[in-house]
Structure formats: C-alpha cells, structure tokens
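Just below is one structure, and these are the notes that go with it.
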4 protein chains.
Amino acid sequence: MGAVKTKRMPRAVREQQMLDAAVQIFGQRGYIAASMDDIAELAGVSKPLVYLYLNSKDDLFTACIRREAQALFAAVRAGVRRELPADRQLWDGLLAFFTHTARHPDGWSVLHLQARTHGEVFAAEVTVVRAGIVAFVTQLIAEAARDALARSADRAPAGGASVDPPLPERDVAGLAEALVGAAESLADWANATPSVTARQAAATLMNFAWTGLGELMAGRRWSPPSA
Amino acid sequence: MGAVKTKRMPRAVREQQMLDAAVQIFGQRGYIAASMDDIAELAGVSKPLVYLYLNSKDDLFTACIRREAQALFAAVRAGVRRELPADRQLWDGLLAFFTHTARHPDGWSVLHLQARTHGEVFAAEVTVVRAGIVAFVTQLIAEAARDALARSADRAPAGGASVDPPLPERDVAGLAEALVGAAESLADWANATPSVTARQAAATLMNFAWTGLGELMAGRRWSPPSA
Amino acid sequence: MGAVKTKRMPRAVREQQMLDAAVQIFGQRGYIAASMDDIAELAGVSKPLVYLYLNSKDDLFTACIRREAQALFAAVRAGVRRELPADRQLWDGLLAFFTHTARHPDGWSVLHLQARTHGEVFAAEVTVVRAGIVAFVTQLIAEAARDALARSADRAPAGGASVDPPLPERDVAGLAEALVGAAESLADWANATPSVTARQAAATLMNFAWTGLGELMAGRRWSPPSA
Amino acid sequence: MGAVKTKRMPRAVREQQMLDAAVQIFGQRGYIAASMDDIAELAGVSKPLVYLYLNSKDDLFTACIRREAQALFAAVRAGVRRELPADRQLWDGLLAFFTHTARHPDGWSVLHLQARTHGEVFAAEVTVVRAGIVAFVTQLIAEAARDALARSADRAPAGGASVDPPLPERDVAGLAEALVGAAESLADWANATPSVTARQAAATLMNFAWTGLGELMAGRRWSPPSA
DNA sequence: TATGAATGAGATTTCATTCAT
DNA sequence: AATGAATGAAATCTCATTCAT
C-alpha cells in the first residue's frame, strides 16, 4: 500500500511523499490517533527522517493543513471566472469545490474535521482559508443583490417608492455563512454517499440557495412569528 | 466546577455526575485528549468507580453520545407541534435546535465534532439520531410540497398544464440534507459568535431556506448550465 | 541488588525507596546517563509509578539533591557545638563532614558533581546549602580572629602599637571559600582512596588550614583532640 | 562564533577547528548534552567529516581532554623556574594555573567537571595529568621541608633535641592533595566571580596554605613578590 | 459503595552513526 | 577532502486499565 521503498531521493520529493502519507493517515484516523510510526511506514521511510524534514508532529500536521487548504482554495479559484454573472460564478465555484473534496477526501477530512477538532492553533490555520471563501461568497451575494436592485429599478419606470432596500450587511454575512456551511455538510454527505456525484451535490445546493436568494432579492421575506 | 465531594450516593446519581463530567471534558478536549483521570477528578470520584459503572472509555463515550443525542432530539420534538403549518413547524424546530445547542455547547461538540472524528463506531451512533432528524425534515418538505401543489391546483380551476410535478424523492433528500447541514454549521457559528442569538440564527436560516424552498414549490428551478 | 519486590506499600515508603535508587543511579552515572528505567528497576517498581509519585526526571533529581543536601547539612550541624572554641568547632565540623561523605558517596556525588554539571537550576539548589556552610566557616574564622586579637592585646600590657589589625572581610570570604573547596576535594580524594579514613582527611586539612604549611615546615603541628 | 566556512583545508587545521568547537560545546553543555550535530555545525563542517577525523564521540571527547590537559600542564610548567626557592615556585605555579583556567574556562570545565562526571575512562585521562601536578607539588613541599630542617639544624648548633622530624610521606601526599584541591575549587570560584583576578586567587591560596590560618590570626601574612 | 496502589503498552522525540557519492 | 540522505536504538513520559481491600 505504501510507496515502494526507493532509496536516496532528493529532499523535496521525500517531503511530498511524507505529506501524502500524513494527510492520508491524519484524515482517516485523526490527529492524535495517527502515530508517527504509521505515517513513516506509509511514506516508506524511517521515523527519524520524518522528524529531520518536518520537525514535529505539530509541524507536520500544520504543513498538511496548509498544503490541503492551498490546494482547495486554488481549485475553487481556478473554477471561477469573475467576469461571468454571479449565479454562474456560484455554480462554478460549488462544482469545483465538490469535485475537489470528492477527489481528496482525506485532505477534506483534515481540513473540515481534524484541524477543527484538535486545538486552536490548527483551527486558526483553517479559519484563514475559510474566511477567504466566506468573503468571496459574501461578495457574490452582495453583487447579486445589486444586480437585482438595478433590474427592479428598470422595471419600475416612473421612479416609484417601490425600489427594494438593499440587504443589511449582517444578513448577508449570515447567509454566506449558512451557504458555506451547507456546502461543507453536503461535501461530507456526498463523500459518505457514493452514488452522489459532485454535480448532483452542486445542483442540490444551487437549487436550495439560489432560488431562495432570488426571492430574497425580490424583497419578499419570511417573518418569524412574534412570540 | 467539579461536583462537591459527597460520599455514598445512589448509583444513578453518580452515573449522571460522571456523564456530566465526561461530556464536558470530551466536548472541550476531544475523545483522545480527554483522560479518564481528568474525568474522574471532575466527577469527584475515583477512577475505579468510573470503570465499575461505565466499564471503559469507549463505553463512557458512547453513553455520552447517546445521552446528548437523546436530549437534543427530545428538545427539538418538544418544540414542534405537528398540527401547525409546515413553515411554523420548521421555525419552531430550528429555534429549539439552536436554543439547545447554545445551552449545551459541550454536548453539541461531542455530537457534531468529536463523535464524527474518532472512529466509525461513534460516528454511527450519531448517524442514527441525525437520520431521524433528516427524515423528519424530509417529511416536512414533502408535506409542504404537497400543500403547495394543492394550492396551485385550486388556483388553476380548469385542469391546466400548469400544475407542477412533485419534487423527486432524491431531491427532497438532498434538500433536507443541505438544510440540516446548514443548521449544524450555523450552530457552530452561533456558538463561536457570542453576539448571535438562537433566534437570529433561526431567522437567518429560515430566510435562506424557506424563501428558496417556496420558489421551488412554485415550480421555478435554477438549471445548471449544460457544460 | 535492588530492593526485594514487595507489593502494595504506602506511598511514603515507596517514595523513599525511589529516592534511594535515584541517588544511587544519579550519583554513579550522572543526571543524563541515568535512565528512568534503571531507577525504576532498582527501586523495584514500574516506571509509571515513579512518574506518578515524583512527577518527572527533573523533579526526581531535584528531590534527590534536596534530600542529600539536607542530610549533609544536618550531619555537620549535629557534629558541632557552638559553645566550644573555634578550632574545636572546625575540627568537629570537618570530621562530621568527611564521615558523612564517606558514608554516602553517591549522595556526595549527586551534590558535588552531578548537580553542578547539569544545569543552573540544579546547581542553584546546591549553592544554597553550600552558601550556608561557607557562611558558617566564615563566621568561625572571624570569631577566631577576634579571639586572637583579644589574646594578643592581653599579652601586650602597656597599650602598644603591636595590636594586629583584623582580617579584611574580603580576605575572610576568600579563605572560607578555599577551606570549603579544599574540604570538598579531600572528600573526593578520600572516597577514591579507600585507605584514607574520615579522621585522617580531617586531620590533614586541619593541619593544612590551621597551622599553615610554613609552620608545618617549622615543626609546629596542630593535633586533633583525643576523643 | 563558528569558524568561517572555508573549503578544503589541510587535515591538521580542520582537526583543530573541530577540537575548538568540541571543547566549547562539551565545556558548556556537558558530554552527553553535547550533540555531534552541534559540534559539527560550530566547527563549520559536516558530521561525517568529524567522524572521519575523530572517529567517535568518545574519541573526540578524549582528544579534547588530552589537548586541554597538556595545555594546562604546559602553562604551569612554563610559569615555574625550578632554581628559585620553594615558596616562589609555588606562587609562580599558582599564578600560572589561575591565569590559564581563567583564560580557558571551557577547557577547564571539560577537565575539572565534565571529564570527572561522565565515566571512569574519561576520569582516568584527567587523573594522569592531575597526578603529575600533585607529584610536583608533593616534591615542592618535601623540598621545602628539607630546607626548613636544614635551617633549624643550623640554628641549633649543639645537636639539641629540638630538631624536628621530617614530615611523614603520607602526610605530604595528603597536604599536596589538599592544596591542589583548594586550587581547583578556587579556580571555579574565580571563574564564577568576575571581580576576582587570577592574582587575587593565587594570593588567597598562598596565604592560606603557606602561613596557615593560625598564623594569619596572629597577624603574620605572606606577601606575593612584586613582579 | 468506594479507593489507593500499581502496571503493560505505546506515544513522541533525539542521537550517534553509516552509506553512497 | 567532503557531504546529503538515512536509520537503529533508546530516552522520557502518558494512559487506559486492574488488583486488593
């Protein structure tokens, strides 16, 4: 299962092998349950070499988090073209996201589960990337709201009072949070349900989110009962 | 914080004290990082007594999961009255859910984070309860879809072609999954953001979901681009 | 060689056994070369028990230093009666010192060699006790100087200019340091030279210190009290 | 602080660089705490080269001990002229000794502390050199005793009973041991007390040893030669 | 009902040392 | 003359778990 034992490789290569092994073990067993012995064995090297190159279990885990976070963020960014309409951007981003998490389930587990469960320091690493994604989504929603506002102004010819007010910032933040959270949960669900493809997951969420958002844009909101 | 050291208590009471301590430690430190020493100390008893009553670390953790899962499920069920309209049921359920998770952050951490991070066996325990909730939400959505169908049929008197087809079951499952996932994420978010109340979290999600769902019910869907 | 393996002893007893073993191993092998495995084995217990009671290798070593330092200091104090003349006090103190170091060579090694070689923290522990001894000797020398001054004043009836000036404080400190240093070295020498008794070591140093080489050459010697 | 990284140097030079680095690290950290990595780095070479030249950690440490011992012995011998009177020889030797130990504190630490703390083999290396110094001092004392004997015989012309017997050999050995021990302790003391010069240390010990405390009390002191 | 005493097994980490070039 | 790559062995320390009372 582990890499074929090849001797004397340049450091950069060995380091990648170690990170590969570490992500796999960390992702499947969790930070604490993963043992450096297992990681070294899967990487096909001795334990001291892992320490020589990656320094400590903490550092190794951090390196895994960073690598996987970069990869995920890069995949999403590569999937989106900012010149397209907001809904298309959202769709492309979701598709890229679900595709990447489906292809790298261990990396996704490291990011979404393990890093958040084992200490503030690790969680902080993920928080940075996640904040980037939430910010991106927030921007997208605000953009879409502006578009909707413009369209509805066009439709009401004589400058009537019917122009809808923009969404308050706080609501947008909550909505983005909910959307990202839903995406994360769906990624887990899709990974746990082999019959669900990345495309289907993206479509489900897009339906759920966009149509709902469309209505919000049109100014119709659901109001909680008073009590 | 630990229970006052009182000697010779009936077994049932001691067990609850132990579970209380265990949930707190497991929730804050995670399954592996939590030590039986810490739990016993916080519970105000000796370690052998913990083993006498709860048998092993695994069993103790499982007992925690079950107790917290039952409590959460019960709280949600107690908040919902099945004779009310679907949207009101959803609102009440969400409010109960966010209220409970806010009041029992350690229990929520055990269920949502720890149980899923440390082995299939524990994850399975949660999956059962979660499946119950997803099923409940699925039912709710299907119910609402039926109502919407009925209403639109009423409005179109001469059997027009405009009657929308019901949502396919698979989609409903995905939507329920997305809704529950979003709720879970928002619970984490609310717990990590002290200024957000349970009511606000519920409102955010309700807006996001219901208005979107409402549109779906009316038959308008967002279609992914062909490529 | 190690204590006979007896089970289930009260904590205080076990702790002393552990300290005994630790002093022996630390004294013979040094702080770093001594392994907790060896100490545990010699103490006749498992390693975890050593950690449970003494906490860490550092703490164990510190406990050894403290115990041996206290014992040495107590032995010297018990040997000296402050109401006797200064030279007698010095003799009694030296005798007690050499007797104790000869009886507890490992303890002496811990104090004199190991504690000073392995980190400031440990060295500081010894420094405190040693400072106590140096202070005691300093006092003794000053006392003797005062006596000598008084005697020489008596001898010179008509207040002559021949009254000797007292020793400057700085010199007294240096002398005390030299005396204590010589004693420490002789203790090592005596321990390494089986034929040398504590009494002989004390006599050698007393001659050297009290009479001085110059005087010795001139045939005047200091003789230890008969008892 | 480490040697400038120059490539391709003759073996003899490289070896000295390594020994310099090793003495520094061994002296400051101790034999075991010193790592071959640190030594190689400080010497500015790779570890395999250290092994190629010095063979092993043991051999390297032994080489350090031998070099420093030779240097110390040579310094003392160079300071003494055997044709001068015994007290002058003693003074010159002490001055040379304290000067050397003050200038090479790491070397002194290796000899006096580290070598004696880490195994019989290393201690034996030092013992040889130390024995040489003790022998030299013994000779000096015996010489001085003979002179004193001769002088007192001169003074008592008609074979009086007042001629003192020579010091027994065993006593002379003990005295030499005490003197050397005191010198070693004072060297440590002087190194740890920046305000004490080599000259002061030598004067303190000379007073102590030559005149004796008893004489000092009586106001007679030994004064170092002016040059 | 309750606990002080005790341990087997395994975790991370370090280090002296060698190989192949 | 010199080094980057690699490891066997052993160190400290922790923890779930049991025994005997």
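Residue numbers start from 1 in every chain, and the chains themselves are labelled A, B, ... in the order their sequence lines are given, proteins ahead of strands.
One atom, CZ of A:F61, and another, C1' of E:dT12, lie 16 Å apart when rounded to the nearest Å. Residue B:E41 contributes atom CD, which lies 12 Å from atom P of E:dG4 at whole-angstrom precision. Rounded to whole Å, the distance from CG on A:L54 to C1' on E:dT13 is 14 Å. Atom C1' of nucleotide E:dT12 and atom CD1 of A:I25 are separated by 16 Å, given to the nearest angstrom. Atom pair A:K57:NZ and F:dT12:P shows a separation of 21 Å (rounding to whole Å applied). We find that CZ of A:R8 is positioned 8 Å from P of F:dT7, with the value rounded to whole Å. Distance CE (D:M36) to P (F:dT7): 21 Å, rounded to an integer number of Å. Nucleotide F:dT18 holds its P atom 15 Å from the CG atom of B:D37, rounded to whole Å.
Contact annotation for A:R11: backbone-only contact, meaning every heavy-atom pair under 4.0 Å involves sugar-phosphate atoms and none involves a base. The residue B:A34 sits close only to the backbone: its heavy atoms come under 4.0 Å of sugar-phosphate atoms, none of a base.
Ion pairing between A:R29 and A:D38 holds under the 4.0 Å rule for side-chain N and carboxylate O. A salt bridge links D:D20 to D:R67: at least one charged side-chain nitrogen sits closer than 4.0 Å to a carboxylate oxygen.
A cation-pi geometry, defined here as NZ or CZ lying under 6.0 Å from the six-membered ring centre and within 45° of its normal, does not hold between A:K57 and A:F26.
Across all strands shown, F:dG4 forms a Watson-Crick or G-U wobble pair with E:dC19, both key distances being under 3.5 Å. Of the nucleotides present, E:dG10 is the one that pairs with F:dC13 by Watson-Crick or G-U wobble criteria, both distances under 3.5 Å.
Remark: side-chain polar atoms of D:S109 are not paired, donor with acceptor, to backbone N or O of D:P105 under 3.5 angstrom.
A residue-by-residue look at C:A33 and B:Y31 shows that C:A33 has its nearest nucleotide of DNA chain F further toward the 5' end. Two residues, A:P48 and B:L52, neighbour DNA chain E, and the one matched to the more 5' nucleotide by heavy-atom proximity is B:L52. Nearest-nucleotide mapping onto DNA chain E: of D:I32 and A:S35, the residue sitting toward the 5' end is A:S35.
Distance from the side chain of C:L49 is smallest for E:dA6 among the nucleotides E:dA6, F:dA6, F:dA2. The side chain of D:S56 approaches E:dT17 more closely than any other nucleotide in the set F:dG8, F:dT12, E:dT17.
The side chain of C:Y51 contributes no N or O atom lying less than 4.0 Å from OP1 or OP2 of E:dT7. For the pair B:R14 and E:dA2, the criterion of a side-chain N or O lying under 4.0 Å from OP1 or OP2 is met.
Aromatic ring centres of A:H112 and A:W108: separated by under 6.0 Å.
Checked by distance alone, B:K47 brings no side-chain donor or acceptor within 3.5 Å of a matching partner on the base of E:dT3.
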